[in-house]
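Below is one structure, written out as structure tokens; comments come after it.
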Amino acid sequence: MRTLIATLLSMTIATVALAQKETAPPRELPVSILSATVQTFDPPMPSRNGRYEQALVLRLEAERGLWESLPPSVETFLYIGTHELLPIATDLDRDRVVLTFHDPDWKSLQGGETMVLTVDHGDPIFDSGKYAGYPKFDPKIISEK
């Protein structure tokens, strides 16, 4: 009888866990690159690491419905390899959202870095293997302004 109860309890816990996983909001979003331009700023732009005069400005597009299904109290980060970028601007359109990011350290990008838009702060850096199938950064997309 104890074995039967333990088995039923285990099955119930597994079913609840699976249901929660299936209904959990997304943690990452697929994005399309709208533009990648190197821009010079005068006056320099402030950041948590000091001011910068030049940056790679990335404009990404995501489906608005998916973006709105992200946890609302968590900031979205763009990771390009180990580069962690916060949005500079978020523009909502009818069915899409356009996110703008600045990477002042863009010259250190070699190409082939995994690109992930996520609410899981630090995860693409600390668990990079989890994102092996994600799009890779290609420096050929950069245009000089």
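All heavy atoms count here, side chains included; hydrogens, waters and symmetry mates do not. Not measured: the values here are computed from a predicted model.
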Taking atom [atom1] of [X] and atom [atom2] of [Y], what is their separation to the nearest 0.5 Å?
X	Y	atom1	atom2	result
L86	F101	CG	CZ	8.0 Å
L66	S69	CG	OG	5.0 Å
R27	K130	CZ	NZ	8.5 Å
D91	R96	CG	CZ	9.0 Å

- Indicate whether any N or O donor in one side chain lies under 3.5 Å from an N or O acceptor in the other, for H102 and S47.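 There is no such pair (donor and acceptor under 3.5 Å, judged by atom type) between the side chains of H102 and S47.
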Is there a donor-acceptor pair under 3.5 Å between the side chain of [X] and the backbone N or O of [Y]?
X	Y	answer
Y52	P44	no
D138	K140	yes
T90	L99	no
S128	I125	no

Does the side chain of [Y] come within less than 4.5 Å of [X]'s, by heavy atoms?
X	Y	result
L58	I80	yes
P124	T118	yes
E75	V119	no
D120	E28	yes

Would you say [Y] ends up clustered with [X] if hydrophobic residues are merged whenever their side chains have heavy atoms under 4.5 Å apart, either directly or through other cluster members?
X	Y	answer
F137	W106	yes
V31	L56	yes
L117	L34	no
L60	L29	yes
L85	I142	yes

- Task: Provide the closest heavy-atom pair for P30 versus A62 in the form atom of the first, atom of the second, distance.
- Result: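 Minimum heavy-atom contact is O-CB, 3.9 Å.
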- Taking all non-hydrogen atoms of both residues into account, name the closest pair between G111 and P139 and its distance.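 Distance-wise, the nearest heavy atoms are CA-CD, 3.5 Å.
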- Task: Take D95 and E63, measure what side chain to side chain contact (heavy atoms under 4.5 Å, CB included) needs, and give me the verdict at the end.
- Result: CA-CA 6 Å; D95 58 353; E63 185 182 319; over 6 Å; no
- Item | R48 vs E84, salt bridge (Lys or Arg N to Asp or Glu O under 4.0 Å): CA-CA, chis, key distance, verdict | CA-CA 12 Å; R48 61 184 174 188; E84 177 185 85; 3.1 Å; yes
- Residues two or more places apart in sequence or in another chain: which of them pass side chain to side chain contact (heavy atoms under 4.5 Å, CB included) with E68?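 Counting only residues at least two positions away or on another chain, E68 forms a side chain to side chain contact (heavy atoms under 4.5 Å, CB included) with R64.
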- Task: Could you walk me through whether R59 and I33 pass side chain to side chain contact (heavy atoms under 4.5 Å, CB included), step by step?
- Result: CA-CA 6 Å; R59 294 184 66 239; I33 299 172; over 6 Å; no
- Query: Taking the six-membered ring for Trp, are F77 and H121 parallel (under 30°), tilted (30 to 60°) or perpendicular (over 60°)?
  - Reply: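 Rings of F77 and H121: parallel, as their planes differ by under 30°.
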- Check the pair V98, D93 against side chain to side chain contact (heavy atoms under 4.5 Å, CB included), reporting the backbone distance first and the verdict last. CA-CA 8 Å; V98 175; D93 206 351; 5.8 Å; no
- Would you please test L70 and T76 for side chain to side chain contact (heavy atoms under 4.5 Å, CB included) and show each step? CA-CA 9 Å; L70 292 171; T76 306; 3.9 Å; yes
- Item | Y131: ring pair (Phe, Tyr, Trp, His ring centres under 6.0 Å) partners, not counting sequence neighbours |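 Scan of Y131 (ring pair (Phe, Tyr, Trp, His ring centres under 6.0 Å), adjacent residues dropped) gives Y134.
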